[in-house]
Structures are given as structure tokens and as C-alpha cells.
There are 2 protein chains.
Amino acid sequence: MKDLVSRCPIEEVMQILSGRWPTLLIYYLKQGTKRFSDLRRDNPTISHRMLALELRKLEDAGIVSRTEFGGYPLRVEYDLTAAGHALVPLIDALGNWWTSVAAAADGEGRRNEISVSARAQRTSG
Amino acid sequence: MKDLVSRCPIEEVMQILSGRWPTLLIYYLKQGTKRFSDLRRDNPTISHRMLALELRKLEDAGIVSRTEFGGYPLRVEYDLTAAGHALVPLIDALGNWWTSVAAAADGEGRRNEISVSARAQRTSG
DNA sequence: TCCAGGTTACAAAAAAGTTCGTAATTTACT
DNA sequence: AGTAAATTACGAACTTTTTTGTAACCTGGA
């Protein structure tokens, strides 16, 4: 998703939030200040490089703040900015929406079984 | 973003909505019924393969419904489902959030200029 | 030599784009 | 009337682009 195809703010947000890591990092950061190594521990599947890259992206977007404390070993702290905190409920709303969609889909015996399992099958097949 | 790293609904939604196309297609579909070729015309930069793939993904997720009318040339209509329509305001909220973040960032002369231009520079460089 | 936090170069994987083929019917031309 | 090309919504194969991962290097003091 290199460039934007429109000047639409929605496309711009999605460019930032797309992918596995942004929402996950925001989720952990909303718990409070975290350091680089904390975030790696919280989420061992992200690579060192990806974490650095994603943090930088979120910082550029104004969602995360980075505070560097001099000295060695270098210490850096990450926090959500005010904008970042404002984003949290919006993301939660998406999660809730999906939860209700999945629940409803399980109820209605419909030809295309929705929910996680349906997509998992297709992906793994 | 092949597999999920958690069972978190947020990660699941993001797997569906990530990328350039899902929100864009939802945006066009909220205007009403569209056919495959309509969607291509609305958005000439998407390839027919991607369009087919994304529509299938949204259909599996229960966001889009696909109605096939027999005969040749085959005619197929796409619509947002009820769940899809419920999703629209949530996506809009993200867009509004970003708009306000960008506006605020322009105001505060801060060392990391946020907003579109900052990211555009980094991307193009 | 290790710490923490990062960057860089290179390689692997995944996603996206391109092209070709399919079907039955319609239109366009000779 | 007969042939060619367009239509429509894809699927499959192949190629290119983008993203992600791996591993190594860097800082400079204890």
C-alpha cells in the first residue's frame, strides 16, 4: 500500500493503522508508558526491526510520543499522545462491532458461514 | 499479515479492513447497489483481480452481499449488508479523528510535523 | 562483553498487478 | 447470413512490487 489513491482522510488513517502491529501496539501502550524492550516482551512475535519501524510510523502520525533519556544504556519511553488516547475508543468500537457481527453470523445458518473459522479455512486452504 | 497472533477481535477486524481497498469499496457501496464493473469504474486503480479478491473477503466477513443473476453476460450485484452499514459510521469516525489530529498538528509547531505531507515526504524519499 | 535502542544490508515471503482464458449473448460490419 | 469483437464477472498462472524477517553492526560506560 505504497501511495494513496485519494485525498480521503479515511484512506490516510487506514494507511497508518493497516497491518497487524499498529492496533496491537496501541493496545499495549494504552496501559501506560512502555519501553522498547517492554513492547517486545508484550508481543514476542514482532521482530525488532518491525517494532522500530511501526513505532516510528505511529510517532510520525502523532499517535505515539517518544521520550529519550540520555545515558547508557540508552533509555527510551513510549506513550500514547492525547490523539492516540482519543483513537482507542474508536478502535474498540471496531472490535465490538466485529464481535457482534460474528455472534449474529453464528446464529443465522447462512450459506457463507462468516466468523473467524470461515476465514481461517479459506486462508489455510 | 497471514495469520493472527491473538484471538483479539480488534486484530480480526484489522485483518479484514487493512489495506487500501476495503474501506474504499465500503465507501462506494454505501451509496447503494453496485456491479463489478461499476466498482471498477468508480475506482480505476484497482485491478480486477484485487477487486474480486477484496469483494470475496468482504463477503466472507459478512460486510458485503453478492447477488448473482443468471444468464449471459453474467450479472452480479454487490451491496452492503446490515453489518456493513453499521460499520460505516465507525470508519467515518476514524476519518474524522484523523482530520482533527492533522488539524491540531498543523497548529502546534512541533518537531515532528505530522499530517499528510510529513508522511508523504518520508514515503517518497 | 553486555546493556538498550536502533540502523543497515540482504533474503524470504506476501501482496498486488498483468495477462490469458472462459461462458453465452449482443452489436457491428461485410 | 457469417465472422469478428465486445460484454461481464471472474479463475489461474505468471511477474513485479512491497513488506517483513534475519542477522550483523553501532553507541559508550560499567
Side-chain angles (χ1 to χ4, degrees), chain A residues 1-5 11 14-22 24-25 28-29 33-60 64-79 112 119 122-125, chain B residues 1-5 11 14-25 28-29 33-60 64-79 112 119-120 122-125:
Chain A
M1 198 173 57
K2 205 65 202 261
D3 300 317
L4 298 150
V5 301
E11 203 191 333
M14 290 317 294
Q15 193 171 33
I16 297 164
L17 299 184
S18 279
R20 170 153 59 233
W21 309 121
L24 224 43
L25 295 179
Y28 283 113
L29 284 169
T33 300
K34 296 268 182 179
R35 295 174 51 183
F36 192 90
S37 45
D38 292 332
L39 290 168
R40 290 217 64 190
R41 262 187 293 279
D42 287 336
N43 192 110
T45 51
I46 193 171
S47 70
H48 184 104
R49 181 174 184 272
M50 270 299 106
L51 180 55
L53 252 34
E54 295 291 324
L55 283 172
R56 192 87 54 240
K57 187 174 72 175
L58 292 173
E59 193 198 347
D60 284 353
V64 161
S65 69
R66 197 188 97 110
T67 314
E68 194 171 313
F69 297 87
Y72 286 87
L74 181 60
R75 195 159 69 84
V76 179
E77 289 187 353
Y78 292 94
D79 279 284
N112 57 325
R119 285 181 297 109
R122 201 180 274 269
T123 333
S124 67
Chain B
M1 197 170 61
K2 204 67 202 259
D3 300 316
L4 298 151
V5 301
E11 203 191 335
M14 289 318 293
Q15 193 171 33
I16 296 163
L17 299 183
S18 278
R20 170 152 58 234
W21 309 123
T23 50
L24 224 42
L25 294 180
Y28 283 113
L29 283 170
T33 301
K34 295 268 181 178
R35 295 176 49 187
F36 192 89
S37 47
D38 293 331
L39 290 168
R40 291 218 61 190
R41 260 187 293 279
D42 287 335
N43 193 110
T45 51
I46 194 172
S47 67
H48 88 262
R49 179 178 185 270
M50 273 299 104
L51 181 54
L53 252 35
E54 296 291 325
L55 284 172
R56 190 88 53 244
K57 187 173 73 175
L58 292 174
E59 193 198 346
D60 284 353
V64 161
S65 69
R66 197 186 99 110
T67 314
E68 194 171 312
F69 298 86
Y72 283 87
L74 181 61
R75 195 160 68 86
V76 179
E77 289 187 353
Y78 293 93
D79 278 285
N112 59 325
R119 286 181 296 107
R122 199 181 277 271
T123 334
S124 66

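Below, each value reflects all heavy atoms present in this structure, side chains not excepted, and no hydrogens, waters or symmetry copies. Letters A, B, ... are given to chains in the order of the sequence lines, protein chains preceding strands, and every chain is numbered from 1.
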Note to self: OP1 or OP2 of dT22(D) versus the side-chain N and O atoms of R49(A): is any pair under 4.0 Å?
What the structure shows: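 Checking R49(A) against dT22(D): no side-chain N or O falls below 4.0 Å of OP1 or OP2.
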What's the closest nucleotide to the [X] side chain, out of [options]?
| X | options | value |
| --- | --- | --- |
| R35(A) | dG11(D), dG5(C), dT8(D) | dG5(C) |
| A52(A) | dA4(C), dT7(C), dA9(D) | dT7(C) |
| R66(B) | dG11(D), dA4(C), dA9(D) | dA9(D) |

Can you measure [X] atom [atom1] to [N] atom [atom2] for me and round it to whole angstrom units?
| X | N | atom1 | atom2 | value |
| --- | --- | --- | --- | --- |
| K34(B) | dT8(D) | NZ | P | 15 Å |
| L24(B) | dA16(C) | CG | P | 13 Å |
| E77(B) | dT8(D) | CD | P | 13 Å |
| L74(B) | dA9(D) | CG | P | 7 Å |
| M50(B) | dA15(C) | CE | P | 9 Å |
| L51(B) | dT18(C) | CG | C1' | 15 Å |
| R40(A) | dT22(D) | CZ | P | 9 Å |
| R20(B) | dA16(C) | CZ | P | 8 Å |

Check: When all nucleic acid strands are considered with a 4.0 Å heavy-atom cut-off, which category describes F69(B): base, sugar-phosphate, or nothing?
Finding: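 Nothing: the residue F69(B), judged by heavy atoms under 4.0 Å, touches no strand.
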Next item on the list: Looking at every strand, decide which applies to S37(B) at a 4.0 Å heavy-atom threshold: base, sugar-phosphate, or nothing.
Entry: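 Here S37(B) touches the backbone only, sparing every base.
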Notebook entry, point to check: Hey, which of these two, D38(B) or L53(A), hits DNA chain D nearer its 5' end, going by closest nucleotide?
Noted result: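 Nearest-nucleotide comparison on DNA chain D picks D38(B).
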Does the side chain of [Y] come within less than 4.5 Å of [X]'s, by heavy atoms?
| X | Y | value |
| --- | --- | --- |
| L74(A) | E68(A) | yes |
| L55(A) | F36(A) | yes |
| R41(B) | D38(B) | yes |
| L39(B) | L29(B) | yes |

Note to self: With a 3.5 Å cut-off and heavy atoms only, can you find an N or O donor on one side and an acceptor on the other between the side chain of H48(B) and the base of dG11(D)?
What the structure shows: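 Side chain to base: pair present.
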Check: Has the side chain of R75(A) got a donor or acceptor that lies under 3.5 Å from a partner of the other kind on the base of dA4(C)?
Finding: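 For R75(A), whose side chain was compared with the base of dA4(C), there is no donor-acceptor pair (under 3.5 Å).
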Next item on the list: Indicate the atoms forming the closest heavy-atom contact of K57(B) with Q15(B), along with that distance.
Entry: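 Answer, listing the atom of K57(B) first, then Q15(B): NZ-O, 3.8 Å.
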